[in-house]
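We count ligands from 1, going down the list as the structure has it; atoms in each ligand are counted the same way. Side-chain atoms are counted along with the backbone in the values below, which use heavy atoms only and exclude waters and symmetry mates.
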Amino acid sequence: MTSSDAPGPGALAGLRPRLPSPLCEVEDARFGSRGVRLLLKRDDLIHPELVGNKWRKLAPNLDEAAGRTVLTFGGAYSNHLRATAAAGRLLGLRTVGVVRGQELAGRPLNPSLARCAADGMRLHFVDRSAYRRKAEPETLAAVLRAADAEDAYVVPEGGSNAAAVRGCRALGGELAGHADVIAVACGTGGTLAGLAAGAGVRVLGVPVLRGGFLTQEIRALQTGAFGGPRGDWSLDDRFHFGGYARTTPELEEFAADFEDRHGVPVERVYVAKLLYALVALVEEGAFARGSTVAAVITGRPFPERNDWSGPGAGPAASSGPVRRTAPSDRLR
Ligand SMILES: Cc1ncc(COP(=O)(O)O)c(C=O)c1O
């Protein structure tokens, strides 16, 4: 690409995102019987390919990349790698994906990596020990050299850097005044770090990884993005179901049931654990009668079905006031 046809600042805006994303009330007896309203913040509807928090995190980074090759990191099923690859195709940007697991290099690509490759992303596989050390300057320099991408604009794993965190602050702004508690699933914590800074109400994070290390990391992300801690947030570490991408028959049944009740696709790695946590919390009496809880739907399942038509899914969804969906509006 020449500098004249490189995407300029705000290039993603040309892709017509649905922003602010729809905010929809769902009627769920588990909440209603406790006098609690449940809202879904449909960030999964922002863009068909740059879904949810991916849009919010990538948009400011692609502006900063200013047309340079974008290199980023992820596991073999990374939502972030797929979104970066799609952005590259849509904007005519070169992308490189550094994938965890040298052993994958000689095997057929799984559907997620195949999608990345089809979108033009150059895949570079590294061994797990180098991958773990990728934030160390020497390891990063070696990876960039080996990937033949020394001039690339580097976006960290999960897309969470200061620009991304600032990008997620708008999510808080869109929800301000609509809910008493906002809940979001956490991987790196970047989405929560920005959301909490813009929300003005309590934000509850549900980590999908084991380990309890995230509080420090979110503080560090907020300090990098805003100069210090921001907002009123806390984490509930009880709902990781064994760790990243781990599941149980109970969680799977819960997610399928939520889809049936509300016609909303439930992404299994993050969003299912968030929604499960909220149902458990409302049943524990964690939310005051008369309060409103907003759950951020940060992603969509992959591979996708295309037959969803639950709340917010219509073409004219707006940003305006909360829209109410009666149970009779349900899909299926
Ligand atoms: C669907 C979905 N929800 C939530 C998250 C967690 O975001 P974060 O890493 O900013 O905590 C991710 C990871 O990026 C994700 O793919």
Side chains of Asn53 and Thr191, donor plus acceptor under 3.5 Å:
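Their side chains do contain a donor-acceptor pair, which is all the 3.5 Å distance test asks for.
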Between Asn79 and Arg82, is there a side-chain donor-acceptor contact under 3.5 Å, judged purely by atom types and distance?
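Yes, a side-chain donor-acceptor pair sits under 3.5 Å.
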Between Glu138 and Arg133, is there a side-chain N and carboxylate O pair less than 4.0 Å apart?
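No, this pair does not count.
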Find out if a path of hydrophobic residues (ILVMFWY) with successive side-chain heavy-atom gaps under 4.5 Å connects Val264 to Val36.
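Shared cluster, yes.
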Measure the CZ-CG distance between Phe73 and Leu81 for me, rounded to the nearest 0.5 Å.
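Phe73 atom CZ to Leu81 atom CG measures 10.0 Å (nearest 0.5 Å).
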Report, one line per pair, each donor and acceptor closer than 3.5 Å where one atom sits in a side chain of residues 192-208; sequence neighbours left out.
none

Any protein N or O within less than 3.5 Å of an N or O in ligand 1? List each pair with its distance, or say none.
unit_1	atom_1	unit_2	atom_2	d
ligand 1	3 (N)	Thr298	OG1	2.6
ligand 1	7 (O)	Asn53	ND2	3.0
ligand 1	7 (O)	Thr191	OG1	3.4
ligand 1	9 (O)	Lys57	NZ	3.4
ligand 1	9 (O)	Thr188	N	2.8
ligand 1	9 (O)	Thr188	OG1	2.6
ligand 1	10 (O)	Lys57	NZ	2.6
ligand 1	10 (O)	Thr188	OG1	3.4
ligand 1	10 (O)	Gly190	N	3.3
ligand 1	10 (O)	Thr191	N	2.8
ligand 1	10 (O)	Thr191	OG1	2.7
ligand 1	11 (O)	Gly187	N	2.7
ligand 1	11 (O)	Thr188	N	3.3
ligand 1	11 (O)	Gly189	N	2.8
ligand 1	14 (O)	Lys54	NZ	2.8
ligand 1	16 (O)	Lys54	NZ	2.9
ligand 1	16 (O)	Asn79	ND2	2.8

